[in-house]
Amino acid sequence: MRIAGLDIGTTGCKLTVFDGSGRYLDSAYAAYPSSRGSGGHEMDAEALMDGVFSVMEAAGRKYPDIAGIGVTSFGETFVLTDRAGVPLHRVMLDTDRRGAEECRRIEEQLGGREIAAVTGLRPHEMYSLPKMMWMKKYQPEIFQKASHLFLMEDFVVFGLTGKAQIDYSLASRTMAFDITAMEWSGRIFEAAGIDCSLMSEPVPPGTPAGNITKAVSRRTGLSPETVIVSVSHDQVAAAVGAGVFDPSQAVDGAGTVECMTVVYDSLPDAGVMYAGNYAVVPYVIPGTYLTYAFSYTGGALLQWCADTLAKKEKEEAVRDGISVNAYLEQEYQRLRGTEPSGLLVLPHFAGAATPYMDTGSKGAIVGLTVGSTVSDMYRGCMEGVVYEMRLNMEHLQKSGFAGRMLKATGGGARSPVWMQMKADILGLPVAALETADAGTVGSAMLTGISASCFRDLEDAACHMVRQGTVYQPDRDRHDRYMKYYRQYRSLYQAVRPLVQ
C-alpha cells in the first residue's frame with residue numbers, strides 16, 4: 001500500500017509518496033504563476049488545479065495503486081465557481097489589500113472582540129470574509145453566477161471527488177467559522193451579506209471525502225479506488241508532520257516565512273491572543289487548538305541579504321562549491337567566532353506580522369560602521385528573525401505557553417549555525433527534523449490513519465517523524481544575546497514613527 005500528501009502553496013504544489021510504513025518513495029512538484037502589482041495580489045485557480053493534475057499524473061505513472069492522498073493548502077484565498085467547480089474569476093491572495101474597508105465595516109458592526117470570541121481571529125483584511133464582501137460589492141455579477149465558494153483545499157477536493165467539504169482548521173481562516181461550535185457562523189455571514197449556503201461542509205481534519213472520480217482516474221492513471229482526504233491548513237499539517245501534539249513542544253517553521261506554531265490543550269486566554277493578533281485555530285485532536293506566531297521575512301530576509309549584498313561572496317561560494325548562505329556563515333565565524341553581531345535588524349522588510357500585524361512597518365539595520373562586513377549584516381539578519389520570535393514567545397507565555405522544546409522544519413533547519421542561534425536566543429532545545437517538508441509528512445500521516453496504515457497520531461509519528469540533531473542552549477551565549485535583545489524590544493517603536 002502507498003499513501004501520499006499533497007501540499008498546495010501559492011506558487012506551486014508538491015505531491016510526496018510514501019509506502020504503507022511511512023518510508024519516503026518519491027515526490028513531484030509543479031509551479032504556477034501568481035502576480036503582485038499595484039492593482040492587487042492574484043493567482044489563477046485553474047492554473048493551480050492544472051498543477052495538481054500534473055503532480056498526480058507524475059505519481060500515477062509510477063504508483064497507480066496509491067490508496068489515499070491527503071490535501072493541505074495555504075489559507076484565506078477563496079474562489080467562486082459554477083456548479084461544476086469551474087472558477088469564475090482570478091483569486092485574491094491574503095496579501096491583497098482589497099477588503100480593508102469592508103473589514104473595518106464589519107468590525108464596527110459586530111465588534112472586534114466579539115468576532116474574535118467566535119472565530120478565534122482578530123479582524124484583518126488578510127482573511128477571506130472581507131474580500132468576499134469587497135467582491136460582492138464591486139463584482140456582484142460573479143456572486144450571481146456562483147454555486148460554490150471554496151478555499152483552495154476544498155476547491156481541489158471537490159475537483160477530485162465532487163464532494164464539497166472543508167476541514168475545520170482551514171475553515172477558520174475565513175473569519176466566519178465558529179471554533180467552539182465547529183460550524184459556520186450564521187450571524188457573521190448575515191452581517192457580511194454573504195450567502196452561507198455557498199460554503200462547503202465543515203469536517204474534522206483528516207476526514208476522507210471519497211474516491212477520485214472516473215474522469216480523474218483516467219487523466220492521472222491512479223486507481224479509481226484512490227481516496228482523497230481533507231487534511232488541514234498547511235501550518236496545521238506541518239505541526240502534525242513535526243510530531244507536535246501537546247503544549248510541551250512547539251514547531252519552528254524555518255522557511256521563507258518564519259513561523260512558530262504553539263499547541264494548547266484548551267482555548268487560550270482570549271485577551272492575550274487578541275492583543276497580540278494571534279489566531280486561535282482548531283487542531284487535529286478534538287478539544288485542542290493552536291496558534292501561529294510569525295514573521296513575513298524569515299529565510300526570505302536572509303535570501304535578500306545574500307542576493308542584494310553578497311555579490312563577491314557568491315563568486316567565492318561557487319569557487320568553494322558551497323551555497324552563499326553557508327559561505328557567509330563560515331566567513332562570520334572565521335572573523336567573529338560565535339559573538340553576537342552587535343547589529344539590530346528589524347526584519348519587517350515585508351511588513352510586520354505578529355504581534356503587530358502592521359503592513360506599513362519597514363525593515364531597518366541599526367548599528368552599522370565602516371568596519372561592518374556583509375557577513376556581519378547576514379548574521380544580524382539571522383539574529384533579527386530570532387529576536388522577533390523571542391518577542392512573540394514572551395507574548396505567548398502570557399497565554400499559558402510553556403513549551404520545553406522546538407522542533408524545526410523547513411530549509412532553515414539544515415543550518416546548524418541558525419539552529420544553535422535559535423536555541424541560544426530562545427533558551428530552549430531545538431530539534432532539527434530530518435525532513436524539511438513537514439507539511440506533506442503531516443498530510444500523509446493523517447491519510448495513513450484514514451487508510452488504516454497507522455493506529456493513531458502517535459503510531460504515525462513513530463513511523464514518519466524522524467528527529468535529527470538536538471541543539472542545546474548555551475547559557476553564556478544566551479546572556480550575551482540578551483544584552484542586544486533588550487535593546488531590540490524597543491526597535492519597532494523607535495523606527496515606526498520614522499517610516500510611512
Side-chain angles (χ1 to χ4, degrees), residues 95 122 124 126 235 238 250-262 272-273 275-279 291-305 325 340-367 376-399 401 403 406 408-413 415 417-428 430 471 473 477-478 480-496 498-499:
T95 50
R122 184 168 178 166
H124 194 277
M126 72 180 286
Q235 295 296 345
V251 184
D252 169 46
T256 302
V257 170
E258 180 76 12
C259 182
M260 182 185 294
T261 305
V262 173
V272 173
M273 306 306 278
N277 292 283
Y278 297 109
T291 193
Y292 314 130
F294 65 104
S295 171
Y296 291 125
T297 47
L301 179 59
L302 307 191
Q303 205 56 50
W304 168 85
C305 183
N325 306 75
S341 69
L343 301 177
L344 295 177
V345 178
L346 188 66
H348 297 174
F349 283 53
T354 58
Y356 310 112
M357 293 309 291
D358 178 2
T359 54
S361 184
K362 302 290 193 300
I365 303 177
V366 177
D376 290 338
M377 287 184 274
Y378 186 82
R379 178 82 173 202
C381 288
M382 295 175 77
E383 293 168 350
V385 171
V386 188
Y387 288 151
E388 190 83 340
M389 286 299 103
R390 170 89 193 188
L391 187 76
N392 275 281
M393 190 175 78
E394 291 179 355
H395 274 268
L396 290 173
Q397 286 169 344
K398 300 173 187 175
S399 72
F401 168 60
L406 292 183
T409 71
S415 166
V417 172
W418 209 14
M419 292 298 99
Q420 186 62 57
M421 179 190 294
K422 289 181 176 184
D424 293 339
I425 292 176
L426 299 177
L428 292 173
V430 178
Y471 299 86
R477 286 196 297 266
H478 174 79
R480 293 198 294 273
Y481 278 123
M482 288 305 97
K483 169 189 170 184
Y484 294 101
Y485 173 69
R486 286 190 285 272
Q487 299 169 341
Y488 177 86
R489 292 179 68 180
S490 303
L491 190 59
Y492 169 75
Q493 288 80 8
V495 171
R496 188 62 180 96
L498 305 178
V499 297

>> So, taking the atom named CG in Leu302 and the one named CH2 in Trp304, what distance separates them when rounded to the nearest 0.5 Å?
In response: 11.0 Å

>> Testing the basics here: between Gly380 and Ser341, what is the closest heavy-atom pair and its distance to 0.1 Å?
In response: CA-OG, 3.6 Å

> Does the side chain of Met419 reach to within under 4.5 Å of the side chain of Asp252, using non-hydrogen atoms?
Replying inline: yes

>> Just so I know, are the side chains of Arg122 and Met357 near enough to count as touching, which here means a heavy-atom distance under 4.5 Å?
In response: no

> When rounded to the nearest 0.5 angstrom, what distance separates OG in Ser490 from OH in Tyr485?
Replying inline: 10.0 Å

>> Please report the interatomic distance CZ(Phe349) to OG(Ser295), rounded to the nearest 0.5 Å.
In response: 10.5 Å

> Closest approach of Pro347 and Gly384, non-hydrogen atoms and distance?
Replying inline: CG-O, 3.7 Å

> How many angstroms lie between atom CG of Leu491 and atom CG of Leu344, to the nearest 0.5 angstrom?
Replying inline: 6.0 Å

>> Does any part of the side chain of Lys422, heavy atoms only, come nearer than 4.5 Å to the side chain of Leu406, both counted from C-beta?
In response: no

>> Show the nearest heavy-atom pair for residues Ser361 and Leu346, with the distance to one decimal.
In response: OG-CD2, 4.4 Å

> Any donor-acceptor pair under 3.5 Å linking the side chain of Thr291 with the backbone of Ala279?
Replying inline: yes

>> Whether the Asp358 and Tyr492 side chains hold a donor-acceptor pair (N or O, under 3.5 Å, no angle test) is what I'd like checked.
In response: yes

>> Would you say that Gln303 contacts Asn325 through its side chain, given a criterion of any heavy-atom pair below 4.5 Å between the two side chains?
In response: yes

> Considering only heavy atoms from C-beta outward, does the side chain of Glu258 approach that of Thr297 to under 4.5 Å?
Replying inline: no

> Yes or no on side-chain contact (heavy atoms from CB on, under 4.5 Å) for Met389 and Ile425, after CA distance, side-chain angles and deciding distance?
Replying inline: CA-CA 9 Å; Met389 286 299 103; Ile425 292 176; over 6 Å; no

> Between atom NE2 of His348 and atom OG1 of Thr359, what is the distance when rounded to the nearest 0.5 Å?
Replying inline: 12.0 Å

> Looking only at heavy atoms, what is the nearest atom pair of Ala423 and Pro473, with distance?
Replying inline: O-CB, 3.1 Å

> Going through the checks in order, is the side-chain contact (heavy atoms from CB on, under 4.5 Å) test met by Asn392 and Phe294?
Replying inline: CA-CA 8 Å; Asn392 275 281; Phe294 65 104; over 6 Å; no

> Which is it for Trp418 and Val386 under the side-chain contact (heavy atoms from CB on, under 4.5 Å) test, yes or no, and what are the steps along the way?
Replying inline: CA-CA 9 Å; Trp418 209 14; Val386 188; 3.5 Å; yes

>> Are Leu301 and Val385 packed together at the side-chain level, in the sense that at least one heavy-atom pair is separated by less than 4.5 angstrom?
In response: yes

> What is the minimum heavy-atom distance between Ser399 and Val272, and which atoms define it?
Replying inline: CB-CG1, 3.7 Å

> Which of these, Glu388, Glu383, Arg390, sits in a side chain to side chain donor-acceptor pair (under 3.5 Å) with Tyr488?
Replying inline: Glu388

> Are the side chains of Tyr356 and Leu391 in touch, meaning some heavy atoms are under 4.5 Å apart?
Replying inline: yes

>> Whether the side chain of Asn277 engages the backbone of Pro355 through a donor-acceptor N/O pair (distance < 3.5 Å, no angle test) should be reported.
In response: yes

> Does the pair Leu396 and Tyr278 meet the rule for a side-chain contact (heavy atoms from CB on, under 4.5 Å), with working shown?
Replying inline: CA-CA 9 Å; Leu396 290 173; Tyr278 297 109; 3.9 Å; yes

> Are Tyr387 and Tyr484 close enough that some pair of their side-chain heavy atoms sits under 4.5 Å apart?
Replying inline: yes

>> Ignoring hydrogens, what is the shortest heavy-atom contact between Phe401 and Ala250? Give both atom names and the distance.
In response: CE1-CB, 4.1 Å

> Which distance, rounded to the nearest 0.5 Å, do you find between the CE of Met382 and the CE of Met421?
Replying inline: 4.5 Å

